[in-house]
Amino acid sequence: MAGMTPDQSLILIGMPAAGKSTVGRRLAARLQRPFIDTDAVMEARCGQSLQALMAERGVEGFRAAEARVLCDLQPAEPAVIATGGSVVYAARGMAALRRLGTVVFLDCPVAVLAHRVGDPVARGMVIAAGQSLAALHRERLPLYRRYADHTIACDDDPPEVVAGRVLRVLSLD
Ligand SMILES: Nc1ncnc2c1ncn2[C@@H]1O[C@H](COP(=O)(O)OP(=O)(O)O)[C@@H](O)[C@H]1O
Ligand SMILES: O=C(O)C1=C[C@@H](OP(=O)(O)O)[C@@H](O)[C@H](O)C1
Ligand SMILES: [Mg+2]
């Protein structure tokens with residue numbers, strides 16, 4: 001898929017700490033579009049922090065709540081949407097997101113992610129007890145690839161550079 005039409009939202013997926021929220025905010029400013037972070041939408045809707053949600057409902061409950069948020073997302077106008085890293089577990093949620101626009105996968109090496117993330121559990125990630133970040137990355141990579149219209153290699157490049165790559169691949173620069 002080359003470029004995107006003006007009525008489409010731009011949706012960022014990828015591992016936690018890949019830069020979806022940071023790069024997404026920059027893209028929204030550059031494109032003069034609203035910025036939506038599905039993590040913030042979920043916290044507002046559930047009335048608690050993601051960490052509290054995870055502690056109360058567990059991984060399955062968290063994923064179910066996230067899927068409902070994705071299915072109900074209706075931007076008033078084309079937006080830049082940063083998602084939580086675990087959205088790709090929800091097939092129905094991803095189908096809903098894909099109806100809203102173009103999905104871009106920020107593909108960041110696991111070593112860079114590990115440096116940024118610190119302790120996955122303290123960060124409130126959807127991760128099984130004892131699972132390493134590298135194992136989680138292996139588990140999710142096929143899912144990110146399945147849903148991506150475009151993949152952007154991020155390495156450890158600054159957010160502005162990554163944002164520029166996204167705009168170029170979508171012919172929006
Ligand atoms: N391209 C980047 N280069 C360096 N640090 C980054 C970059 N993108 C994000 N970060 C940092 O990594 C952390 C996680 O970024 P964030 O945007 O919250 O990622 P995500 O939304 O994908 O989880 C933040 O501290 C942010 O400042
Ligand atoms: O990947 C994950 O398991 C998660 C990523 C977080 O969002 P970011 O990807 O924006 O960090 C947040 O949704 C939650 O802590 C679970
Ligand atoms: Mg984020």
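Both ligands and their constituent atoms are indexed starting at 1 by order of listing. For the numbers below, each heavy atom of this structure counts, side chains included, while hydrogens, waters and symmetry mates do not.
Residues Glu77 and Arg33 are not paired through a salt bridge, judged by the lack of any N-O separation under 4.0 Å between the basic side chain and the carboxylate. Contact check on Asp173 versus Arg30 returns no salt bridge, with no Lys/Arg side-chain nitrogen under 4.0 Å from an Asp/Glu carboxylate oxygen.
Looking at every heavy atom in both residues, Asp155 comes nearest to Pro109 through CA-CD, 3.6 Å. The shortest heavy-atom contact between Gly85 and Val88 is O-CG2, 4.0 Å. Smallest separation of non-hydrogen atoms from Phe35 and Ser21: CZ-O, 3.7 Å. For the residue pair Cys108 and Arg116, the shortest heavy atom distance occurs at SG-NH1, 3.9 Å. Summarising the geometry of Val23 relative to Leu12, their closest heavy-atom pair is C-CD1, 4.3 Å, with the distance given to 0.1 Å.
Those atoms of ligand 1 with a heavy atom of Gly19 less than 4.0 angstrom away are 8 (N), 9 (C), 16 (P), 17 (O), 19 (O), 20 (P), 22 (O). Atoms of ligand 1 found under 4.0 Å from any heavy atom of Pro16 (numbered from 1 in listed order, with element): 23 (O). Close approach of ligand 2 to Gly84 (heavy-atom distance below 4.0 Å) involves ligand atoms 7 (O), 9 (O), 13 (O). In summary, the atoms of ligand 2 found under 4.0 Å from a heavy atom of Arg140, numbered by their order in the structure, are 1 (O), 2 (C), 3 (O). Close approach to Met15 involves these atoms of ligand 1, each under 4.0 Å from a residue heavy atom: 22 (O).
Asp149 contributes a side-chain N or O that, together with a main-chain N or O of Val103, makes up a donor-acceptor pair within less than 3.5 Å.
At a 4.0 Å heavy-atom cut-off, ligand 1 touches Asp157 through the backbone alone. At a heavy-atom cutoff of 4.0 Å, ligand 2 is contacted by the side chain of Lys20 but not by its backbone. Proximity of Val126 to ligand 2, defined as any heavy-atom pair under 4.0 Å, is shared by backbone and side chain alike. Under 4.0 angstrom from ligand 2, there are no non-hydrogen atoms of Glu43.
In terms of protein heavy atoms, atom 14 (C) of ligand 2 is closest to Gly124 O, 3.4 Å. Atom 17 (O) of ligand 1 has as its closest protein heavy atom Thr22 OG1, 2.4 Å. The protein non-hydrogen atom at the shortest distance from atom 3 (N) of ligand 1 is Arg116 NH2, 3.2 Å.
Applying side chain to side chain contact (heavy atoms under 4.5 Å, CB included) to Thr102 and the options Val166, Leu170, Leu10, Val169 leaves one that passes, Leu170.
Backbone and side-chain nitrogen or oxygen atoms of Met15 are examined, and none is located within less than 3.5 angstrom of a nitrogen or oxygen of ligand 2. At least one N/O-N/O distance between Ala17 and ligand 1 falls below 3.5 Å.
The closest approach between any non-hydrogen atom of Pro158 and ligand 1 is below 4.0 Å. Within the structure, the closest approach of Ala82 to ligand 1 does not fall below 4.0 Å when heavy atoms are considered.
Of the candidates Ala82, Gly85, Ala18, the one placing a heavy atom closest to atom 5 (C) of ligand 2 is Gly85. Comparing Leu53, Asp39, Thr22, Thr38 against atom 7 (O) of ligand 2, the shortest heavy-atom distance belongs to Asp39.
Follow the hydrophobic side-chain contacts under 4.5 Å out from Val112 and you never reach Ile127; the two are in separate clusters. Under the 4.5 Å side-chain heavy-atom criterion for ILVMFWY residues, no single connected hydrophobic cluster contains both Val161 and Leu106.
At least one N/O/S atom of Ser21, whether from backbone or side chain, sits less than 2.8 Å from the Mg ion (ligand 3).
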